[in-house]
Protein chains: 2
Amino acid sequence: MGASKTSEYTKKEIELAKYAKAISHPARIAILNFLIKKKSCICGDIVDELPISQSTVSQHLKELKASGLIKGNIDGVSVCYCIDEKEWKKANVLLGGFFEKIIINKSVCC
Amino acid sequence: MGASKTSEYTKKEIELAKYAKAISHPARIAILNFLIKKKSCICGDIVDELPISQSTVSQHLKELKASGLIKGNIDGVSVCYCIDEKEWKKANVLLGGFFEKIIINKSVCC
DNA sequence: CATATTAATCGTAATATTACGATTAATATT
DNA sequence: AATATTAATCGTAATATTACGATTAATATG
């Protein structure tokens, strides 16, 4: 048995978990930071920047693309990745809303 | 091979990934939402609330505790869990800072 | 056309995660 | 003291993740 029981939860919970999962690995955070720093997308330079192999970077990029946080445009031989700002904002709003709940609804115990 | 190459990344990247991982499963988000809603900590009622077994809930609680986002106080037979507000704020600041970068440093491409 | 570069994918392996039932240790209740 | 309740842990199993090298398909360059 085991492994993901995605249904039975609310859409918000599932979406929030999806975005959180996308940034739940240091390599993916490093990739996103790199994409933000170098505004002009950048393609395979990510591999030079990170301490992991090309195939592993490619996998992380695939996951980030699947989450929606980034998109990739083919540009000749190379691929140009960049933040998908619309999705990024959605993630920001969802995560922000989640973490601000505790400030509004102060927990009084323990 | 495989599995975690945690070093070689910055402390911030690793910490951010840690918090993100903590909330990367709908069950854990549901648990946190429940703990926030019911201010008075609550103990085993989480099991009744969620569509997963007691042992699985216990595992998720263990992970949440490991991340620091919650703490658990023994209260007789039962255990009282609640948000660790200090850690929660730290996570909020880290995540908030991360997602706001793109707003300041607008990406122009693709 | 031959060769180089780029990035995805495949195959493989190690490890982590998710989940459950069963057991256990602890405190409460009868 | 016997029994019930609570929540952690153990054992087990399925699946997912992380990682790498090798291969592949594509475009670019000589």
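Residue numbering restarts at 1 for every chain, and letters A, B, ... go by the order of the sequence lines. Everything quoted here is computed from the prediction, not taken from an experiment.
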Distance, rounded to the nearest Å, where [X] contributes [atom1] and [N] contributes [atom2]:
X       : N      : atom1 : atom2 : result
B:Ile46 : C:dA19 : CD1   : C1'   : 17 Å
A:Tyr9  : C:dT18 : OH    : C1'   : 10 Å
A:Lys62 : D:dA16 : NZ    : P     : 13 Å
B:Glu63 : C:dA16 : CD    : P     : 12 Å
A:Ile74 : D:dA25 : CD1   : P     : 16 Å
A:Asp75 : D:dA26 : CG    : C1'   : 13 Å
B:Leu64 : C:dT18 : CG    : P     : 10 Å
B:Asp45 : D:dT5  : CG    : P     : 15 Å

Worksheet item: Is there side-chain contact between B:Ile29 and A:Lys12, with heavy atoms separated by less than 4.5 Å?
Response: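 They are not in contact (no side-chain heavy atoms under 4.5 Å apart), so the answer is no.
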Discussion item. Under a 3.5 Å distance rule, please check whether A:Ser58 uses its side chain to pair with a backbone N or O of A:Ser55 as donor and acceptor.
Written reply: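 No: the side chain of A:Ser58 does not pair with the backbone of A:Ser55.
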Fill in: A:Phe98 vs B:Leu95, side-chain contact (heavy atoms from CB on, under 4.5 Å): CA-CA, chis, key distance, verdict
CA-CA 11 Å; A:Phe98 179 69; B:Leu95 277 157; over 6 Å; no
Practice prompt. Using a cut-off of strictly less than 4.0 Å, decide whether A:His60 has a side-chain nitrogen or oxygen near OP1 or OP2 of D:dA19.
Written response: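 Checking A:His60 against D:dA19: at least one side-chain N or O falls below 4.0 Å of OP1 or OP2.
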Worksheet item: Under 4.0 Å: is that the gap between some side-chain N or O of A:Lys21 and OP1 or OP2 of D:dT17?
Response: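 So the side-chain polar atoms of A:Lys21 do come within 4.0 Å of the phosphate oxygens OP1 or OP2 of D:dT17, strictly under.
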Selected nucleotide, minimal atom distance to [X] side chain, candidates [options]:
X       : options               : answer
B:Ser55 : D:dC20, D:dT9, C:dT9  : D:dT9
B:Ile52 : C:dT5, C:dC20, D:dC20 : C:dC20
A:Gln54 : C:dA7, C:dT27, D:dT9  : C:dA7

Worksheet item: How do B:Thr56 and A:Arg28 order along DNA chain D: which one's closest nucleotide is nearer the 5' end?
Response: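 It is B:Thr56, whose closest nucleotide lies nearer the 5' terminus.
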Item to complete: Mind running side-chain contact (heavy atoms from CB on, under 4.5 Å) on B:Thr56 and B:His60 for me, showing each step along the way?
Response: CA-CA 6 Å; B:Thr56 307; B:His60 283 304; 3.9 Å; yes
Practice prompt. Give one of base, sugar-phosphate or nothing for A:Ser78, where a contact means two heavy atoms less than 4.0 Å apart.
Written response: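 Counting heavy atoms under 4.0 Å across all strands, the contact made by A:Ser78 is with sugar-phosphate only.
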Discussion item. Over all strands shown, is B:Gln59 touching base, sugar-phosphate only, or nothing at heavy-atom distances under 4.0 angstrom?
Written reply: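 Base contact - B:Gln59 has a heavy atom under 4.0 Å of at least one base atom.
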Fill in: Dot-bracket notation for DNA chain D, counting Watson-Crick and G-U pairs under 3.5 Å, with | for partners on another strand
||||||||||||||||||||||||||||||
Worksheet item: Could you walk me through whether A:Lys90 and A:Glu15 pass the side-chain contact (heavy atoms from CB on, under 4.5 Å) check?
Response: CA-CA 10 Å; A:Lys90 241 174 77 184; A:Glu15 256 219 312; 3.6 Å; yes
